[in-house]
Amino acid sequence: MEIYGDQVGRLIEELSGLPGVGGKTAQRLAFHIINMPEERAESLASAIVDARKNIRYCKSCYTITDRELCPICASAKRDRKTIMVVETPRDLAAYERTGRFTGVYHVLHGVINPALGIGVGDIRLKELIERLSREDVEELIIATNSSVEGEATAMYISKLVKPSGIKTSRIASGVPVGGDLECIDEVTLLRALEGRVEL
Ligand code: ZN
């Protein structure tokens, strides 16, 4: 990006390293940023730095947050006896957007995937089991994606939890196979949740 000089070139380069941002989009974003009032550009930059610096995992559900307990776990309105197990914080956000789930979550941060070398110890499963032994939980809804790995992980968790007597259920298979939960509309998610089957 020699044509724009070093600083604009660097901005374009940084932006084009973001997922889904190609060279053209990076240029468009860079020019948008350059033309912003200086305070807005500063606010954008500090939002990025602050979020990155203060990010941590909720000590209860392991979603990403900037507090010890995320707002969902900290809320008195949520039913702590129902835990929905999801793969990522983005899946959690997708279920939250339905506005109908009143329980709490547990974020695994992935699924077991032997082909990629992701084993039981690489996801937040031990934390889930510890949590179940510590808290009074009635139902565990396993909402991993319907990919082969998501299904296998769901079965694994269900077998692990079974002896505890906690009811485990799986979201209905209305969710497209291999579908990224994040990309699925709220109605489909709600149907999957309401049509869940006991394992
Ligand atoms: Zn939490």
Side-chain angles (χ1 to χ4, degrees), residues 19 46-113 118-147 149-151 153-162 164-172 175 179-186 188-194 196 198-199:
S46 70
I48 294 171
V49 173
D50 291 350
R52 178 63 191 87
K53 215 192 300 181
N54 299 318
I55 215 70
R56 52 171 149 170
Y57 296 111
C58 168
K59 72 168 187 179
S60 180
C61 75
Y62 290 91
T63 194
I64 46 171
T65 180
D66 52 9
R67 312 168 197 181
E68 194 167 283
L69 273 182
C70 73
I72 296 167
C73 290
S75 166
K77 290 191 187 132
R78 309 297 291 233
D79 158 30
R80 283 176 176 68
K81 290 180 192 249
T82 307
I83 298 181
M84 191 196 297
V85 180
V86 293
E87 290 184 24
T88 66
R90 286 173 2 216
D91 293 342
L92 180 157
Y95 275 104
E96 273 306 279
R97 277 196 297 272
T98 68
R100 295 273 284 277
F101 179 64
T102 54
V104 290
Y105 297 90
H106 187 91
V107 182
L108 292 173
H109 292 278
V111 278
I112 303 164
N113 190 339
I118 304 166
V120 174
D122 299 313
I123 57 174
R124 300 281 188 173
L125 194 52
K126 182 166 61 73
E127 289 84 349
L128 173 65
I129 302 304
E130 280 169 10
R131 188 175 168 193
L132 294 177
S133 67
R134 209 171 50 226
E135 294 172 20
D136 179 20
V137 176
E138 278 171 8
E139 185 181 0
L140 194 68
I141 302 168
I142 307 173
T144 49
N145 284 350
S146 52
S147 60
E149 295 78 20
E151 292 294 352
T153 304
M155 289 321 291
Y156 185 86
I157 296 172
S158 140
K159 280 200 188 112
L160 210 59
V161 173
K162 206 106 220 183
S164 70
I166 296 168
K167 176 181 166 189
T168 57
S169 56
R170 178 84 176 111
I171 52 163
V175 178
D180 196 336
L181 281 183
E182 193 196 6
C183 302
I184 296 163
D185 68 89
E186 280 133 54
T188 308
L189 275 186
L190 210 54
R191 234 182 261 146
L193 178 62
E194 281 166 356
R196 67 185 180 271
E198 196 167 339
L199 291 170

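Counting starts at 1 for both ligands and their atoms, following the listed order.
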Report task. State whether the side chain of R78 and the backbone N or O of A76 hold a donor-acceptor pair below 3.5 Å, judged by distance alone. Result -> no

Query - Donor-acceptor under 3.5 Å (E87 side chain, G150 main chain) - result: no

Query raised in the report: Which of parallel (below 30°), tilted (30 to 60°) and perpendicular (above 60°) describes Y62 and Y57?
Result: tilted

Query raised in the report: What's the spacing between D66 CG and D50 CG if we round to 0.5 Å?
Result: 9.5 Å

Query - The single option from I112, T168, L108 passing side-chain contact (heavy atoms from CB on, under 4.5 Å) against I157 - result: L108

Report task. Look at atom CZ of R134 and say whether more than 12 heavy atoms of other residues, nucleotides or ligands are closer to it than 6.0 Å. Result -> yes

Report summary line: Protein-side N, O or S atoms sitting under 2.8 Å from the Zn ion (ligand 1) are C58 SG, C61 SG, C70 SG, C73 SG

